[in-house]
Amino acid sequence: MVCCDCHAEKTTRARLRREKSQKNNPIHGTAIYKDLVEDRSTSSSPAQHLIAAANSLATAGHPRHATEIFDAARRLASEVGDRDSEAEALESLARQAWANADTPQCLEYAQQLLALPLENTSVWRIHGFLRLARALTALGRPREALETLREAAKVCDYTRFGSLATYIEVRAYTEHALRMKTACLRDFQLATDMAETLEEGWPRVFALINYAVAAIQLGESDLGCKIHQAAIEAALRFGGWPIGYARLSLAQGLLLMGQPARARDIVSAISEDELEHPSVGMKYVWISAILTSMLPCNFTHRVNIEELFEDALRSEEPSRIAPMAAAFHWQCLEQGKKSEAQTTLTRTLEKLRIPNNAEWLTIAVIRFGTRDHLVSLSDIWSELLEDDLATAHHAMLQSRVAGLDQEQSAAAAFAGRAEAIYREARLKYFEAAAMELGGRLQEARKAYHALGAVRDARRVHSNRSNPEITMHLTRRQQEVIGLLLRGLAVPEVAASLTISPRTVEHHLSMVMQNLGIARRSDLRSDPRLVHLTFRP
(Lines give C-alpha, C1' and ligand atoms only; values in the text may rest on other atoms or scores of the structure.)
Protein backbone atom coordinates (compact mmCIF):
# COMPACT_ATOMS: atom_id res chain seq x y z
CA MET A 1 0.00 0.00 0.00
CA VAL A 2 1.38 3.44 -0.96
CA CYS A 3 1.76 5.94 1.88
CA CYS A 4 -0.39 9.00 1.13
CA ASP A 5 2.13 11.43 2.63
CA CYS A 6 4.97 9.95 0.56
CA HIS A 7 2.86 10.08 -2.58
CA ALA A 8 1.90 13.71 -1.91
CA GLU A 9 5.54 14.62 -1.31
CA LYS A 10 6.64 12.99 -4.59
CA THR A 11 3.81 14.75 -6.46
CA THR A 12 4.83 18.10 -5.00
CA ARG A 13 8.49 17.55 -5.91
CA ALA A 14 7.52 16.62 -9.47
CA ARG A 15 5.34 19.76 -9.78
CA LEU A 16 8.14 21.98 -8.47
CA ARG A 17 10.57 20.46 -10.98
CA ARG A 18 8.10 21.11 -13.83
CA GLU A 19 7.61 24.70 -12.72
CA LYS A 20 11.36 25.21 -12.48
CA SER A 21 11.84 23.74 -15.94
CA GLN A 22 9.13 25.98 -17.42
CA LYS A 23 10.61 29.02 -15.72
CA ASN A 24 14.06 28.35 -17.14
CA ASN A 25 12.77 27.22 -20.51
CA PRO A 26 13.39 29.85 -23.19
CA ILE A 27 11.44 27.94 -25.81
CA HIS A 28 8.78 30.66 -25.96
CA GLY A 29 11.45 33.07 -27.21
CA THR A 30 12.85 30.89 -29.97
CA ALA A 31 10.13 32.02 -32.39
CA ILE A 32 11.87 35.40 -32.46
CA TYR A 33 15.11 33.76 -33.52
CA LYS A 34 13.37 31.55 -36.07
CA ASP A 35 11.92 34.69 -37.64
CA LEU A 36 15.47 35.82 -38.32
CA VAL A 37 15.74 33.05 -40.90
CA GLU A 38 13.07 34.78 -42.98
CA ASP A 39 13.95 38.39 -42.13
CA ARG A 40 17.72 38.61 -42.38
CA SER A 41 17.73 42.40 -42.48
CA THR A 42 17.14 42.61 -38.71
CA SER A 43 20.65 41.45 -37.89
CA SER A 44 24.08 41.30 -39.42
CA SER A 45 24.60 37.76 -38.05
CA PRO A 46 21.27 35.92 -37.73
CA ALA A 47 23.04 32.54 -37.54
CA GLN A 48 24.75 33.63 -34.33
CA HIS A 49 21.36 34.55 -32.84
CA LEU A 50 20.07 31.08 -33.69
CA ILE A 51 23.13 29.49 -32.10
CA ALA A 52 22.61 31.57 -28.95
CA ALA A 53 18.96 30.45 -28.78
CA ALA A 54 19.94 26.81 -29.29
CA ASN A 55 22.56 26.99 -26.56
CA SER A 56 19.92 28.40 -24.25
CA LEU A 57 17.57 25.54 -25.09
CA ALA A 58 20.27 22.95 -24.50
CA THR A 59 21.12 24.47 -21.11
CA ALA A 60 17.44 24.48 -20.12
CA GLY A 61 17.13 20.79 -20.86
CA HIS A 62 15.55 20.64 -24.32
CA PRO A 63 18.12 18.85 -26.48
CA ARG A 64 15.72 17.97 -29.29
CA HIS A 65 14.63 21.59 -29.81
CA ALA A 66 18.24 22.73 -29.47
CA THR A 67 19.29 20.35 -32.24
CA GLU A 68 16.59 21.75 -34.54
CA ILE A 69 17.78 25.34 -33.99
CA PHE A 70 21.45 24.42 -34.40
CA ASP A 71 20.59 22.75 -37.72
CA ALA A 72 18.67 25.85 -38.84
CA ALA A 73 21.72 27.96 -37.95
CA ARG A 74 23.96 25.64 -39.97
CA ARG A 75 21.76 25.90 -43.07
CA LEU A 76 21.47 29.67 -42.79
CA ALA A 77 25.22 30.16 -42.31
CA SER A 78 25.89 27.92 -45.32
CA GLU A 79 23.56 29.99 -47.50
CA VAL A 80 25.21 33.31 -46.64
CA GLY A 81 28.76 31.91 -46.68
CA ASP A 82 29.43 32.49 -42.96
CA ARG A 83 31.97 29.67 -42.49
CA ASP A 84 32.75 30.39 -38.83
CA SER A 85 29.07 30.28 -37.85
CA GLU A 86 28.53 27.14 -39.92
CA ALA A 87 31.50 25.50 -38.21
CA GLU A 88 30.25 26.54 -34.76
CA ALA A 89 26.79 25.13 -35.54
CA LEU A 90 28.28 21.83 -36.74
CA GLU A 91 30.43 21.56 -33.61
CA SER A 92 27.35 22.23 -31.47
CA LEU A 93 25.41 19.57 -33.37
CA ALA A 94 28.24 17.10 -32.78
CA ARG A 95 28.24 17.98 -29.09
CA GLN A 96 24.47 17.44 -28.85
CA ALA A 97 24.69 14.12 -30.69
CA TRP A 98 27.41 12.95 -28.30
CA ALA A 99 25.39 14.03 -25.26
CA ASN A 100 22.36 12.16 -26.62
CA ALA A 101 24.46 8.99 -27.10
CA ASP A 102 24.16 9.17 -30.90
CA THR A 103 27.83 8.57 -31.67
CA PRO A 104 27.46 7.75 -35.41
CA GLN A 105 25.72 11.09 -35.92
CA CYS A 106 28.44 12.82 -33.90
CA LEU A 107 31.03 11.26 -36.21
CA GLU A 108 29.17 12.50 -39.28
CA TYR A 109 28.97 16.08 -37.97
CA ALA A 110 32.68 16.04 -37.09
CA GLN A 111 33.56 14.90 -40.62
CA GLN A 112 31.41 17.67 -42.12
CA LEU A 113 33.12 20.19 -39.86
CA LEU A 114 36.60 19.13 -40.96
CA ALA A 115 35.50 19.28 -44.60
CA LEU A 116 34.90 23.04 -44.33
CA PRO A 117 37.66 25.34 -45.70
CA LEU A 118 38.93 26.48 -42.29
CA GLU A 119 42.38 27.59 -41.20
CA ASN A 120 44.42 25.04 -39.24
CA THR A 121 44.50 27.51 -36.35
CA SER A 122 40.68 27.80 -36.26
CA VAL A 123 39.24 26.78 -32.90
CA TRP A 124 36.42 24.99 -34.74
CA ARG A 125 38.85 22.88 -36.73
CA ILE A 126 40.50 21.89 -33.45
CA HIS A 127 37.13 20.92 -32.01
CA GLY A 128 36.41 18.93 -35.16
CA PHE A 129 39.55 16.84 -34.76
CA LEU A 130 38.75 16.14 -31.12
CA ARG A 131 35.12 15.21 -31.82
CA LEU A 132 36.20 12.94 -34.65
CA ALA A 133 38.82 11.15 -32.55
CA ARG A 134 36.45 10.66 -29.61
CA ALA A 135 33.69 9.29 -31.85
CA LEU A 136 36.06 6.92 -33.66
CA THR A 137 37.27 5.56 -30.31
CA ALA A 138 33.72 5.06 -29.05
CA LEU A 139 32.75 3.22 -32.24
CA GLY A 140 35.56 0.71 -31.83
CA ARG A 141 38.09 2.30 -34.18
CA PRO A 142 40.77 3.54 -31.75
CA ARG A 143 43.69 3.11 -34.13
CA GLU A 144 42.03 5.48 -36.60
CA ALA A 145 41.40 7.86 -33.71
CA LEU A 146 45.07 7.77 -32.74
CA GLU A 147 46.07 8.64 -36.32
CA THR A 148 43.55 11.50 -36.28
CA LEU A 149 45.11 12.88 -33.10
CA ARG A 150 48.60 12.59 -34.54
CA GLU A 151 47.49 14.46 -37.65
CA ALA A 152 45.83 17.13 -35.49
CA ALA A 153 48.98 17.56 -33.40
CA LYS A 154 50.92 18.46 -36.54
CA VAL A 155 48.65 21.30 -37.66
CA CYS A 156 46.73 22.57 -34.59
CA ASP A 157 47.93 24.88 -31.85
CA TYR A 158 46.02 23.64 -28.82
CA THR A 159 47.75 25.91 -26.32
CA ARG A 160 46.44 29.02 -28.08
CA PHE A 161 42.81 28.15 -27.37
CA GLY A 162 43.24 26.33 -24.06
CA SER A 163 42.25 23.01 -25.64
CA LEU A 164 45.36 21.11 -24.63
CA ALA A 165 43.66 19.45 -21.62
CA THR A 166 40.82 18.22 -23.85
CA TYR A 167 43.26 16.96 -26.45
CA ILE A 168 45.19 14.97 -23.83
CA GLU A 169 41.98 13.54 -22.35
CA VAL A 170 40.76 12.38 -25.77
CA ARG A 171 44.17 10.82 -26.36
CA ALA A 172 43.85 9.05 -22.99
CA TYR A 173 40.45 7.66 -24.06
CA THR A 174 42.03 6.26 -27.19
CA GLU A 175 44.94 4.73 -25.28
CA HIS A 176 42.44 3.18 -22.87
CA ALA A 177 40.58 1.52 -25.74
CA LEU A 178 43.91 0.11 -26.93
CA ARG A 179 44.78 -1.02 -23.36
CA MET A 180 47.94 1.11 -23.39
CA LYS A 181 48.02 1.17 -19.59
CA THR A 182 51.07 3.30 -18.78
CA ALA A 183 50.36 5.97 -21.40
CA CYS A 184 46.63 6.04 -20.58
CA LEU A 185 47.05 6.59 -16.84
CA ARG A 186 49.80 9.15 -17.43
CA ASP A 187 47.62 11.18 -19.79
CA PHE A 188 44.55 11.04 -17.54
CA GLN A 189 46.68 12.29 -14.65
CA LEU A 190 48.01 15.09 -16.86
CA ALA A 191 44.49 16.03 -18.05
CA THR A 192 43.27 16.09 -14.44
CA ASP A 193 46.13 18.37 -13.38
CA MET A 194 45.34 20.74 -16.26
CA ALA A 195 41.62 20.76 -15.43
CA GLU A 196 42.48 21.78 -11.87
CA THR A 197 43.95 25.06 -13.14
CA LEU A 198 40.70 26.07 -14.87
CA GLU A 199 38.27 28.45 -13.18
CA GLU A 200 35.28 26.12 -13.55
CA GLY A 201 35.17 23.11 -11.25
CA TRP A 202 33.18 20.67 -13.38
CA PRO A 203 35.98 19.84 -15.84
CA ARG A 204 38.05 18.60 -12.91
CA VAL A 205 35.17 16.45 -11.59
CA PHE A 206 34.67 14.72 -14.94
CA ALA A 207 38.41 14.38 -15.53
CA LEU A 208 38.71 12.64 -12.15
CA ILE A 209 35.82 10.29 -12.92
CA ASN A 210 37.27 9.30 -16.29
CA TYR A 211 40.70 8.78 -14.73
CA ALA A 212 39.21 6.59 -11.98
CA VAL A 213 37.21 4.41 -14.39
CA ALA A 214 40.27 3.82 -16.55
CA ALA A 215 42.40 2.94 -13.51
CA ILE A 216 39.96 0.27 -12.30
CA GLN A 217 39.44 -1.23 -15.74
CA LEU A 218 43.20 -1.43 -16.24
CA GLY A 219 43.76 -3.26 -12.96
CA GLU A 220 44.74 -0.35 -10.67
CA SER A 221 41.77 -0.80 -8.34
CA ASP A 222 43.23 1.00 -5.30
CA LEU A 223 44.14 4.00 -7.42
CA GLY A 224 40.68 3.97 -9.02
CA CYS A 225 38.86 4.02 -5.66
CA LYS A 226 41.09 6.81 -4.36
CA ILE A 227 40.43 8.98 -7.42
CA HIS A 228 36.68 8.24 -7.30
CA GLN A 229 36.55 9.53 -3.73
CA ALA A 230 38.38 12.67 -4.85
CA ALA A 231 35.80 13.11 -7.64
CA ILE A 232 32.90 12.78 -5.19
CA GLU A 233 34.48 15.30 -2.80
CA ALA A 234 35.02 17.74 -5.68
CA ALA A 235 31.41 17.29 -6.85
CA LEU A 236 30.05 17.87 -3.34
CA ARG A 237 31.69 21.29 -3.29
CA PHE A 238 29.60 22.35 -6.28
CA GLY A 239 26.41 20.32 -5.74
CA GLY A 240 23.97 19.09 -8.40
CA TRP A 241 23.72 16.08 -10.63
CA PRO A 242 27.48 15.30 -11.02
CA ILE A 243 27.43 14.00 -7.43
CA GLY A 244 25.19 11.12 -8.52
CA TYR A 245 27.31 10.58 -11.61
CA ALA A 246 30.45 10.22 -9.51
CA ARG A 247 28.72 7.90 -7.03
CA LEU A 248 27.32 5.64 -9.75
CA SER A 249 30.74 5.45 -11.35
CA LEU A 250 32.27 4.40 -8.02
CA ALA A 251 29.54 1.77 -7.53
CA GLN A 252 30.27 0.35 -10.97
CA GLY A 253 33.96 0.15 -10.11
CA LEU A 254 33.23 -1.60 -6.80
CA LEU A 255 31.06 -4.11 -8.61
CA LEU A 256 33.89 -4.84 -11.03
CA MET A 257 36.27 -5.28 -8.08
CA GLY A 258 33.94 -7.81 -6.47
CA GLN A 259 32.42 -5.69 -3.71
CA PRO A 260 28.67 -5.95 -4.41
CA ALA A 261 27.59 -5.04 -0.87
CA ARG A 262 29.35 -1.63 -0.99
CA ALA A 263 28.09 -1.00 -4.52
CA ARG A 264 24.53 -1.84 -3.44
CA ASP A 265 24.68 0.67 -0.58
CA ILE A 266 25.85 3.45 -2.89
CA VAL A 267 23.18 2.81 -5.51
CA SER A 268 20.40 2.61 -2.94
CA ALA A 269 21.42 5.95 -1.43
CA ILE A 270 21.38 7.90 -4.70
CA SER A 271 18.51 10.38 -4.78
CA GLU A 272 16.22 11.05 -7.71
CA ASP A 273 17.34 14.68 -7.95
CA GLU A 274 20.90 13.62 -8.74
CA LEU A 275 19.86 12.00 -12.02
CA GLU A 276 17.92 14.76 -13.76
CA HIS A 277 20.41 16.38 -16.11
CA PRO A 278 19.14 15.61 -19.64
CA SER A 279 22.35 15.76 -21.65
CA VAL A 280 23.83 12.73 -19.94
CA GLY A 281 20.59 11.01 -19.01
CA MET A 282 21.41 8.01 -21.17
CA LYS A 283 24.72 7.59 -19.34
CA TYR A 284 22.97 7.54 -15.97
CA VAL A 285 20.30 5.14 -17.11
CA TRP A 286 22.99 2.93 -18.64
CA ILE A 287 24.98 2.67 -15.42
CA SER A 288 21.94 2.30 -13.17
CA ALA A 289 20.50 -0.38 -15.45
CA ILE A 290 23.69 -2.41 -15.26
CA LEU A 291 23.86 -2.14 -11.50
CA THR A 292 20.20 -2.86 -10.84
CA SER A 293 20.26 -5.86 -13.16
CA MET A 294 23.16 -7.37 -11.22
CA LEU A 295 22.40 -6.29 -7.67
CA PRO A 296 19.29 -7.22 -5.63
CA CYS A 297 18.38 -3.71 -4.56
CA ASN A 298 15.34 -1.51 -5.06
CA PHE A 299 16.47 1.44 -7.15
CA THR A 300 13.87 3.98 -8.22
CA HIS A 301 15.46 4.42 -11.66
CA ARG A 302 15.12 0.83 -12.82
CA VAL A 303 14.31 1.02 -16.53
CA ASN A 304 13.45 -1.14 -19.51
CA ILE A 305 16.81 -2.80 -20.14
CA GLU A 306 15.66 -4.39 -23.41
CA GLU A 307 15.04 -0.96 -24.92
CA LEU A 308 18.48 0.21 -23.81
CA PHE A 309 20.07 -2.94 -25.22
CA GLU A 310 18.45 -2.30 -28.61
CA ASP A 311 19.61 1.33 -28.49
CA ALA A 312 23.14 0.15 -27.72
CA LEU A 313 23.14 -2.22 -30.70
CA ARG A 314 21.95 0.57 -32.98
CA SER A 315 24.67 2.88 -31.68
CA GLU A 316 27.38 0.39 -32.75
CA GLU A 317 29.37 1.64 -29.75
CA PRO A 318 31.27 -1.23 -28.03
CA SER A 319 31.49 0.61 -24.71
CA ARG A 320 27.66 0.57 -24.60
CA ILE A 321 26.97 -2.73 -26.36
CA ALA A 322 28.97 -5.02 -24.06
CA PRO A 323 27.65 -3.83 -20.66
CA MET A 324 24.05 -3.50 -21.84
CA ALA A 325 24.23 -7.01 -23.33
CA ALA A 326 25.48 -8.39 -20.01
CA ALA A 327 22.66 -6.61 -18.17
CA PHE A 328 19.92 -7.72 -20.56
CA HIS A 329 21.24 -11.29 -20.67
CA TRP A 330 21.07 -11.40 -16.89
CA GLN A 331 17.52 -10.06 -16.93
CA CYS A 332 16.45 -12.70 -19.47
CA LEU A 333 17.83 -15.47 -17.26
CA GLU A 334 16.06 -14.00 -14.23
CA GLN A 335 12.77 -14.12 -16.16
CA GLY A 336 13.38 -17.65 -17.42
CA LYS A 337 13.83 -16.56 -21.06
CA LYS A 338 16.80 -18.80 -21.80
CA SER A 339 16.37 -18.81 -25.56
CA GLU A 340 16.23 -15.01 -25.63
CA ALA A 341 19.33 -14.91 -23.41
CA GLN A 342 21.25 -17.00 -25.96
CA THR A 343 20.02 -14.79 -28.79
CA THR A 344 21.27 -11.76 -26.88
CA LEU A 345 24.80 -13.17 -26.76
CA THR A 346 24.70 -14.07 -30.45
CA ARG A 347 23.53 -10.61 -31.56
CA THR A 348 26.05 -8.92 -29.30
CA LEU A 349 29.06 -10.83 -30.55
CA GLU A 350 28.05 -10.16 -34.15
CA LYS A 351 28.24 -6.40 -33.44
CA LEU A 352 31.23 -6.28 -31.09
CA ARG A 353 34.60 -5.37 -32.60
CA ILE A 354 36.68 -4.42 -29.56
CA PRO A 355 36.01 -5.52 -25.97
CA ASN A 356 35.30 -2.13 -24.40
CA ASN A 357 33.67 -2.70 -20.98
CA ALA A 358 33.26 -6.40 -21.86
CA GLU A 359 34.38 -7.82 -18.50
CA TRP A 360 30.89 -8.83 -17.34
CA LEU A 361 30.00 -10.02 -20.82
CA THR A 362 33.00 -12.36 -20.62
CA ILE A 363 31.60 -13.90 -17.42
CA ALA A 364 28.18 -14.33 -19.06
CA VAL A 365 29.66 -16.04 -22.12
CA ILE A 366 31.82 -18.36 -20.00
CA ARG A 367 28.87 -19.51 -17.92
CA PHE A 368 26.06 -19.59 -20.45
CA GLY A 369 27.50 -19.20 -23.95
CA THR A 370 27.90 -21.80 -26.66
CA ARG A 371 31.22 -22.87 -28.08
CA ASP A 372 30.78 -20.39 -30.94
CA HIS A 373 30.22 -17.59 -28.43
CA LEU A 374 33.35 -18.55 -26.52
CA VAL A 375 35.52 -18.63 -29.64
CA SER A 376 34.12 -15.37 -30.97
CA LEU A 377 34.74 -13.38 -27.77
CA SER A 378 38.13 -15.04 -27.33
CA ASP A 379 39.15 -13.78 -30.78
CA ILE A 380 38.08 -10.25 -29.82
CA TRP A 381 40.14 -10.26 -26.62
CA SER A 382 43.13 -11.75 -28.49
CA GLU A 383 43.65 -8.40 -30.23
CA LEU A 384 44.76 -6.87 -26.90
CA LEU A 385 47.00 -9.52 -25.38
CA GLU A 386 49.68 -6.96 -24.56
CA ASP A 387 47.41 -5.93 -21.66
CA ASP A 388 47.45 -8.18 -18.57
CA LEU A 389 43.71 -8.07 -17.88
CA ALA A 390 42.87 -8.72 -21.52
CA THR A 391 45.22 -11.72 -21.31
CA ALA A 392 43.34 -12.94 -18.21
CA HIS A 393 39.91 -12.62 -19.85
CA HIS A 394 41.22 -14.40 -22.93
CA ALA A 395 42.67 -17.19 -20.75
CA MET A 396 39.32 -17.65 -19.01
CA LEU A 397 37.57 -18.16 -22.34
CA GLN A 398 40.29 -20.55 -23.52
CA SER A 399 39.93 -22.50 -20.27
CA ARG A 400 36.21 -22.95 -20.89
CA VAL A 401 36.82 -24.11 -24.46
CA ALA A 402 39.45 -26.59 -23.24
CA GLY A 403 36.96 -27.87 -20.67
CA LEU A 404 34.39 -28.50 -23.39
CA ASP A 405 37.07 -30.42 -25.30
CA GLN A 406 37.77 -32.53 -22.18
CA GLU A 407 41.34 -31.21 -22.00
CA GLN A 408 41.27 -30.82 -18.23
CA SER A 409 44.98 -30.08 -17.72
CA ALA A 410 44.91 -27.29 -20.31
CA ALA A 411 41.70 -25.89 -18.80
CA ALA A 412 43.26 -25.78 -15.33
CA ALA A 413 46.43 -24.13 -16.68
CA PHE A 414 44.49 -21.35 -18.45
CA ALA A 415 42.32 -20.76 -15.37
CA GLY A 416 45.38 -20.61 -13.11
CA ARG A 417 47.04 -18.03 -15.35
CA ALA A 418 43.91 -15.86 -15.24
CA GLU A 419 43.56 -16.26 -11.47
CA ALA A 420 47.11 -15.01 -10.86
CA ILE A 421 46.51 -11.86 -12.92
CA TYR A 422 43.17 -11.15 -11.23
CA ARG A 423 44.74 -11.59 -7.80
CA GLU A 424 47.48 -9.09 -8.60
CA ALA A 425 44.89 -6.60 -9.91
CA ARG A 426 42.68 -7.21 -6.83
CA LEU A 427 39.65 -8.08 -8.95
CA LYS A 428 38.30 -10.49 -6.38
CA TYR A 429 35.12 -11.56 -8.13
CA PHE A 430 37.01 -12.52 -11.27
CA GLU A 431 39.60 -14.31 -9.15
CA ALA A 432 36.80 -16.41 -7.63
CA ALA A 433 35.39 -17.12 -11.10
CA ALA A 434 38.83 -18.33 -12.21
CA MET A 435 38.99 -20.66 -9.19
CA GLU A 436 35.60 -22.06 -10.14
CA LEU A 437 36.63 -22.54 -13.74
CA GLY A 438 39.82 -24.29 -12.65
CA GLY A 439 37.86 -26.83 -10.64
CA ARG A 440 38.72 -25.48 -7.17
CA LEU A 441 35.08 -25.34 -6.20
CA GLN A 442 35.42 -25.25 -2.43
CA GLU A 443 37.84 -22.30 -2.53
CA ALA A 444 35.65 -20.53 -5.08
CA ARG A 445 32.59 -21.00 -2.89
CA LYS A 446 34.37 -19.47 0.12
CA ALA A 447 35.56 -16.56 -2.02
CA TYR A 448 32.02 -15.88 -3.29
CA HIS A 449 30.66 -16.00 0.26
CA ALA A 450 33.30 -13.50 1.40
CA LEU A 451 32.23 -11.14 -1.39
CA GLY A 452 28.54 -11.42 -0.54
CA ALA A 453 27.82 -13.15 -3.88
CA VAL A 454 25.47 -15.71 -2.31
CA ARG A 455 23.92 -16.83 -5.59
CA ASP A 456 27.31 -17.70 -7.05
CA ALA A 457 28.24 -19.60 -3.88
CA ARG A 458 25.07 -21.67 -4.16
CA ARG A 459 25.73 -22.43 -7.82
CA VAL A 460 29.25 -23.65 -7.04
CA HIS A 461 27.91 -25.81 -4.22
CA SER A 462 25.53 -27.52 -6.68
CA ASN A 463 28.24 -28.03 -9.32
CA ARG A 464 30.12 -30.85 -7.61
CA SER A 465 32.02 -32.64 -10.30
CA ASN A 466 31.88 -36.34 -11.06
CA PRO A 467 34.20 -36.89 -14.03
CA GLU A 468 33.65 -40.68 -14.03
CA ILE A 469 30.70 -40.11 -16.35
CA THR A 470 33.12 -39.03 -19.11
CA MET A 471 34.23 -42.67 -19.46
CA HIS A 472 30.71 -43.65 -20.51
CA LEU A 473 29.90 -40.78 -22.87
CA THR A 474 31.49 -39.78 -26.14
CA ARG A 475 32.84 -36.28 -26.63
CA ARG A 476 29.91 -35.34 -28.88
CA GLN A 477 27.41 -36.67 -26.34
CA GLN A 478 29.01 -34.52 -23.64
CA GLU A 479 28.80 -31.45 -25.88
CA VAL A 480 25.12 -32.08 -26.59
CA ILE A 481 24.22 -32.63 -22.93
CA GLY A 482 26.30 -29.62 -21.83
CA LEU A 483 24.40 -27.29 -24.16
CA LEU A 484 21.02 -28.75 -23.23
CA LEU A 485 21.78 -28.26 -19.55
CA ARG A 486 22.51 -24.60 -20.22
CA GLY A 487 18.95 -24.15 -21.46
CA LEU A 488 19.35 -24.43 -25.25
CA ALA A 489 16.57 -26.08 -27.23
CA VAL A 490 17.30 -28.99 -29.56
CA PRO A 491 17.34 -26.82 -32.74
CA GLU A 492 19.75 -24.36 -31.06
CA VAL A 493 22.07 -27.18 -29.99
CA ALA A 494 22.01 -28.52 -33.54
CA ALA A 495 22.87 -25.10 -34.99
CA SER A 496 25.69 -24.57 -32.48
CA LEU A 497 27.31 -27.95 -33.21
CA THR A 498 26.50 -27.89 -36.95
CA ILE A 499 24.55 -31.14 -36.84
CA SER A 500 20.92 -31.98 -37.50
CA PRO A 501 18.22 -31.88 -34.80
CA ARG A 502 17.64 -35.57 -35.42
CA THR A 503 21.29 -36.31 -34.54
CA VAL A 504 20.90 -34.30 -31.33
CA GLU A 505 17.86 -36.39 -30.41
CA HIS A 506 19.85 -39.56 -31.08
CA HIS A 507 22.73 -38.49 -28.81
CA LEU A 508 20.24 -37.49 -26.13
CA SER A 509 18.49 -40.86 -26.20
CA MET A 510 21.82 -42.72 -26.03
CA VAL A 511 22.91 -40.70 -22.98
CA MET A 512 19.61 -41.35 -21.22
CA GLN A 513 19.91 -45.05 -22.01
CA ASN A 514 23.50 -45.24 -20.67
CA LEU A 515 22.58 -43.43 -17.48
CA GLY A 516 19.29 -45.23 -16.92
CA ILE A 517 17.29 -41.99 -17.04
CA ALA A 518 13.67 -42.20 -18.18
CA ARG A 519 12.72 -38.50 -18.36
CA ARG A 520 14.61 -35.58 -19.90
CA SER A 521 13.78 -33.40 -16.91
CA ASP A 522 15.89 -35.72 -14.75
CA LEU A 523 19.04 -34.79 -16.69
CA ARG A 524 19.26 -31.39 -14.99
CA SER A 525 19.17 -32.85 -11.48
CA ASP A 526 21.53 -35.77 -12.15
CA PRO A 527 24.72 -35.18 -10.09
CA ARG A 528 26.82 -37.11 -12.61
CA LEU A 529 26.32 -34.39 -15.24
CA VAL A 530 26.84 -31.12 -13.38
CA HIS A 531 30.53 -30.87 -14.32
CA LEU A 532 29.59 -30.60 -18.01
CA THR A 533 28.28 -27.05 -17.68
CA PHE A 534 27.88 -24.01 -15.47
CA ARG A 535 24.25 -23.83 -14.46
CA PRO A 536 22.29 -20.57 -13.91
Side-chain angles (χ1 to χ4, degrees), residues 10 13 17 61 99 101 169 173 176 185 188-189 191-192 195-196 200-218 220-303 305 308 319-320 322-324 326-327 330 356-357 359-360 426-429 451-453:
K10 289 183 178 179
R13 289 175 62 190
R17 283 197 299 271
E169 188 172 28
Y173 272 117
H176 183 210
L185 296 181
F188 267 124
Q189 176 66 67
T192 302
E196 190 174 9
E200 296 182 0
W202 297 127
R204 173 165 173 74
V205 174
F206 295 125
L208 284 167
I209 292 173
N210 294 330
Y211 184 15
V213 169
I216 290 178
Q217 292 184 341
L218 292 173
E220 297 293 333
S221 53
D222 288 344
L223 176 63
C225 284
K226 179 180 177 181
I227 299 170
H228 263 128
Q229 291 296 345
I232 293 173
E233 291 173 5
L236 286 170
R237 289 199 295 270
F238 299 96
W241 55 270
I243 300 173
Y245 186 18
R247 287 173 174 167
L248 280 173
S249 182
L250 173 58
Q252 189 182 28
L254 291 171
L255 187 65
L256 183 65
M257 293 162 56
Q259 300 183 34
R262 289 182 61 192
R264 186 184 307 119
D265 292 342
I266 292 174
V267 175
S268 300
I270 291 175
S271 70
E272 185 178 353
D273 293 336
E274 292 175 344
L275 298 173
E276 289 186 354
H277 196 280
S279 65
V280 288
M282 176 59 77
K283 182 79 171 181
Y284 294 148
V285 171
W286 166 56
I287 298 175
S288 64
I290 296 169
L291 293 173
T292 52
S293 67
M294 293 182 177
L295 297 175
C297 61
N298 296 320
F299 188 43
T300 56
H301 285 266
R302 195 177 184 101
V303 295
I305 300 177
L308 292 176
S319 57
R320 291 178 61 199
M324 284 314 311
W330 186 278
N356 275 18
N357 295 339
E359 292 83 1
W360 288 107
R426 299 188 180 182
L427 298 179
K428 297 180 181 179
Y429 184 91
L451 294 171

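The structure presented is a predicted model; accordingly, all values stated were derived computationally and were not measured.
- Across all their heavy atoms, Tyr211 and Leu185 have their closest contact at CE1-O, 3.7 Å.
- Distance check: Leu236 CG to Ile243 CD1 gives 4.5 Å after rounding to the nearest 0.5 Å.
- The OG atom of Ser221 sits 8.0 Å away from atom CD of Gln259, with the distance rounded to the nearest 0.5 Å.
- When all heavy atoms of Ala263 and Ala251 are compared, the closest pair comes out as CB-O, 3.4 Å.
- Taken from CG in Leu451 to CE in Met257, the straight-line distance is 10.5 Å, to the nearest 0.5 Å.
- Taking CG of Leu254 as the start and CG of Asp265 as the end, the distance is 10.0 Å to the nearest 0.5 Å.
- Looking at every heavy atom in both residues, Ala322 comes nearest to Asn356 through CB-O, 3.5 Å.
- Judged purely by atom type and a 3.5 angstrom limit, Asn357 uses its side chain to pair as donor or acceptor with the backbone of Ser319.
- Listed by first then second residue, pairs satisfying side chain to side chain donor-acceptor pair (under 3.5 Å) with a partner in residues 222-231 read Asp222-Arg426, His228-Ser249, not counting sequence neighbours.
- Contact record, Leu208 with Thr192: CD2-CG2, 3.5 Å, taken as the closest heavy-atom pair.
- Nearest heavy-atom pair, Gly224 versus Ala212, reported as atom, atom and distance to 0.1 Å: O-CB, 3.5 Å.
- Between Leu255 and Tyr429 the shortest side-chain heavy-atom distance does not fall below 4.5 Å.
- Between Gln252 and Leu248, every side-chain heavy-atom pair lies at or beyond the 4.5 Å cut-off.
- Between His176 and Phe188, the angle of the ring planes goes over 60°, which puts this pair in the perpendicular group of the 30/60° scheme.
- Atom CD1 of Ile227 sits about 11.5 Å away from atom CD1 of Ile209, to the nearest 0.5 Å.
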